[in-house]
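One structure is given here, and the rest of the page talks about it.
A, B, ... follow the sequence lines: proteins, then strands. Residue 1 opens every chain.
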Amino acid sequence: MALPAGEGVVSYNAAISRCARAGLYARALALFREMRGRGLRADEYTLPPLLNSAALMRGPPPAAVAALHALLLHAGLALHLHVANALVDAYARLPRAGCAAAAAARAVFDEMPRRDVVTWTSLLTGLARAGAHAAAVRAYHGMVAAGVQPDEFAVAAVLSSCAGSTMLDVGRSVHATAVRLGLGPFRSVGNSLVSMYAKTGALRDARAVFDAMPARCTITWTALIVGYAQNGRGRRSLEVYADMVRSGCRPDYVTFIGLLFACSHAGLVDAGRAHFRSMVADYGIAPGPDHYACMVDLLGRAGRLDEAMDLLNRSSTELDATVWKSLLGACRVHRNAELAERAAEMVWRLDPTDAVPYVMLSNLYSRARRWGDVARIRALMKARGVTKEPGCSWVGVNGVTHLFHVEDRGHPRAAEIYRKVEEMTERIRGEGYVPDTDWALQDEAPEGRQRGLAYHSERLAVAFGLLAVPAAAPIRVFKNLRVCGDCHTAIKMVAKVYGREIILRDANCFHHMKGGECSCGDYW
DNA sequence: ATAGGGTTAG
């Protein structure tokens, strides 16, 4: 690994850069140590690939980036734009370091005397990576306000955050800006537009962008396949896949996740099995945990829990928590408490603080009216100090997001909204709606349970949508968790009775509700 | 010789 004696800084820089590009991060850092041992000083070409390596290294000593930071301050390289940009990016990339690293990235960013589009994009993607999509969108606006013109990298990144935070209106305006700046022809921009429109439920726009793209790649096709699947149009996903293959574009690992996801959501069991086999046989792609998770969904949906278990037992890859959570979901639908307990154990073995299994088990027992077991799960959750994310729903009207929690009275129009909820309940009762109180929390009195159901966050958001969204437009509601079964039934009926299209996107999938039907086919 | 992006997805 050593370079011949007598090599200079330029040779080391080139070697370090090659290692970093090839993903040999530890080796890049080792070369740097060797270089310093020979009395050579790092310059502005040495540091960017080093910072990159330090941030991306597997199981990194978290101090590596900070140590390089100290070193570059000493070397007087802090004001070099490429170096500072790499530093912002490195801090923003540190895995699991969370707030501290984000704050460090921000601090470096704030102290830079000059920032270009790369600086802003590094900050933006760092925020997006941490799941702070709304903050990423704010960073984009900050960049524009600072007079820095977005390029195709920045636009692609912010569109991805628009999708992540379901900001369709902002996404549309970024789209317009991109076209104005002449960025429309970039494939990355088209790809992120297709995905953004699909993820915010605007399928027609996704398709229009796709059709207008001058050139497509695997990512483009995959985005559309996933887009249709997420919106309950799994059969259409399969048609798109057929077109993709016909066009000569090769599907990859991600494409098959989307394709299996589509089969699962559309209940196409045979097609799913066939594509799973084809992935290996025709494309030589080894199935990963994501593919197994899709297959478990698919088989679970068909009630074939045994076949799902069989597939998992024969798998050659290491299975992760998502697989066991899929199995839990299937158990939830088929009310198989025994297998669910085993799946929950598998999740907890990997992460005992994951709230999902507790909630799923609790709901499952609740539906089975096994209150003792519900109490046991809750006690376990409490003892282990696990808290679940509070459920909330939101709806965007005229660019303003209105957020609701359960029994939330904080909205300025709360009185009106609650009257609307009462009216909704009355009108759907007339259509035969009966509250399914098994979905309510069990520690409430029966009448309290019904009341609690009526004021779930998704109902409040729909009621507000009925009040505030023009009659011709669909009501787009988003929920951070899975929609409750009773709300699903109720909102479907609301869509019918009020003659409205309601698009509810929950943590798992889209629900396009119209005329009493839902695109999810009542399986989610 | 150096810095940032787009497709999974819970």
Side-chain angles (χ1 to χ4, degrees), chain A residues 8-18 20-21 42-52 55 77 80-90 92-93 115-126 128-129 131 136 143 150-161 163-164 183 186-196 198-199 213 216-227 229-230 251-262 288-291 293-294 297 320-326 328-329 347 351 354-356 389 480-482 506-509:
Chain A
V9 176
V10 173
S11 303
Y12 272 101
N13 287 349
I16 288 169
S17 173
R18 273 196 305 272
R21 275 176 198 280
D43 66 9
E44 68 270 30
Y45 289 98
T46 327
L47 274 144
L50 276 181
L51 284 163
N52 220 295
L77 296 168
H80 197 282
L81 193 55
H82 281 184
V83 174
N85 285 347
L87 186 59
V88 171
D89 182 64
R93 253 180 220 283
R115 305 179 190 106
D116 67 358
V117 65
V118 176
T119 325
W120 283 98
T121 309
S122 299
L123 182 74
L124 196 163
T125 55
R129 212 174 287 125
M143 171 176 77
D151 63 5
E152 71 274 22
F153 286 71
V155 163
V158 74
L159 283 170
S160 171
S161 281
L183 303 172
F186 283 101
R187 213 158 28 185
S188 56
V189 171
N191 292 345
S192 52
L193 280 170
V194 170
S195 184
M196 184 276 293
K199 279 198 167 62
M213 283 175 70
R216 307 180 182 98
C217 65
T218 301
I219 293 177
T220 326
W221 289 99
T222 302
L224 193 64
I225 288 169
V226 171
Q230 280 176 325
D252 68 4
Y253 184 95
V254 180
T255 311
F256 279 103
I257 295 173
L259 198 57
L260 295 176
F261 176 71
D290 294 314
H291 301 111
C294 291
D297 264 341
D320 67 7
T322 54
V323 178
W324 305 115
K325 283 189 223 179
S326 292
L328 253 170
V347 179
D351 179 11
D354 192 326
V356 168
E389 189 182 357
N480 64 337
L481 307 174
R482 280 174 199 250
D506 71 7
N508 194 44
C509 68

Just call it for [X]: base, sugar-phosphate, or nothing, with non-hydrogen atoms closer than 4.0 Å on any strand.
| X | answer |
| --- | --- |
| A:Asp290 | base |
| A:Arg18 | nothing |
| A:Val189 | nothing |
| A:Arg482 | nothing |
| A:Ala507 | sugar-phosphate |
| A:Arg21 | sugar-phosphate |
| A:Asn52 | sugar-phosphate |
| A:Phe186 | nothing |

Could you check which of [options] has an atom nearest any side-chain atom of [X]?
| X | options | value |
| --- | --- | --- |
| A:Tyr45 | B:dG4, B:dT8, B:dT2 | B:dT2 |
| A:Thr121 | B:dT7, B:dA3, B:dG4 | B:dG4 |
| A:Val254 | B:dG6, B:dG4, B:dT8 | B:dT8 |
| A:Asn85 | B:dA3, B:dT2, B:dG4 | B:dA3 |
| A:Phe261 | B:dA3, B:dG10, B:dG6 | B:dG10 |
| A:His82 | B:dA9, B:dT2, B:dG6 | B:dT2 |
| A:Arg187 | B:dT7, B:dG6, B:dA3 | B:dG6 |
| A:Asp151 | B:dG10, B:dG4, B:dT2 | B:dG4 |
| A:Asp252 | B:dA1, B:dT7, B:dG6 | B:dT7 |
| A:Ser122 | B:dT8, B:dG4, B:dT2 | B:dG4 |

[X] side chain near [Y] side chain, heavy-atom distance below 4.5 Å:
| X | Y | value |
| --- | --- | --- |
| A:Leu159 | A:Val155 | yes |
| A:Met213 | A:Val194 | yes |
| A:Leu47 | A:Leu87 | no |

Does A:Ser160 make a side-chain N or O approach to OP1 or OP2 of B:dT7 shorter than 4.0 Å?
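Checking A:Ser160 against B:dT7: at least one side-chain N or O falls below 4.0 Å of OP1 or OP2.
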
Does the side chain of A:Lys199 get closer than 4.0 angstrom to OP1 or OP2 of B:dT7 through an N or O atom?
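A:Lys199 to B:dT7 OP1/OP2: no side-chain N or O under 4.0 Å.
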
To the nearest 0.5 Å, tell me how far A:Ile16 CD1 sits from A:Asn52 CG.
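A:Ile16 CD1 to A:Asn52 CG: 12.5 Å, rounded to 0.5 Å.
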
Point-to-point distance, once rounded to the nearest 0.5 Å, from CD1 of A:Ile225 to OG1 of A:Thr218:
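The distance works out to 9.5 Å.
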
Whole angstroms only, please: what is the [atom1]-[atom2] distance between [X] and [N]?
| X | N | atom1 | atom2 | value |
| --- | --- | --- | --- | --- |
| A:Ile225 | B:dT7 | CD1 | C1' | 10 Å |
| A:Ile16 | B:dA3 | CD1 | C1' | 16 Å |
| A:Leu51 | B:dT2 | CG | P | 15 Å |
| A:His291 | B:dG10 | NE2 | P | 14 Å |
| A:Leu87 | B:dG4 | CG | C1' | 14 Å |
| A:Asp43 | B:dT2 | CG | C1' | 9 Å |
| A:Ile219 | B:dT8 | CD1 | P | 10 Å |
| A:Phe153 | B:dA3 | CZ | C1' | 10 Å |

Who are the ring pair (Phe, Tyr, Trp, His ring centres under 6.0 Å) partners of A:Tyr253, not counting sequence neighbours?
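So A:Tyr253 forms a ring pair (Phe, Tyr, Trp, His ring centres under 6.0 Å) with A:His291.
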
Does A:Asp116 make a side-chain donor-acceptor contact with the base of B:dG4, cut-off 3.5 Å?
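No such pair is found, so the answer is no.
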
By side chain to side chain donor-acceptor pair (under 3.5 Å), which residues pair with A:Asn13, not counting sequence neighbours?
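Checked A:Asn13 against side chain to side chain donor-acceptor pair (under 3.5 Å); matches are A:Asp43, A:Thr46.
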
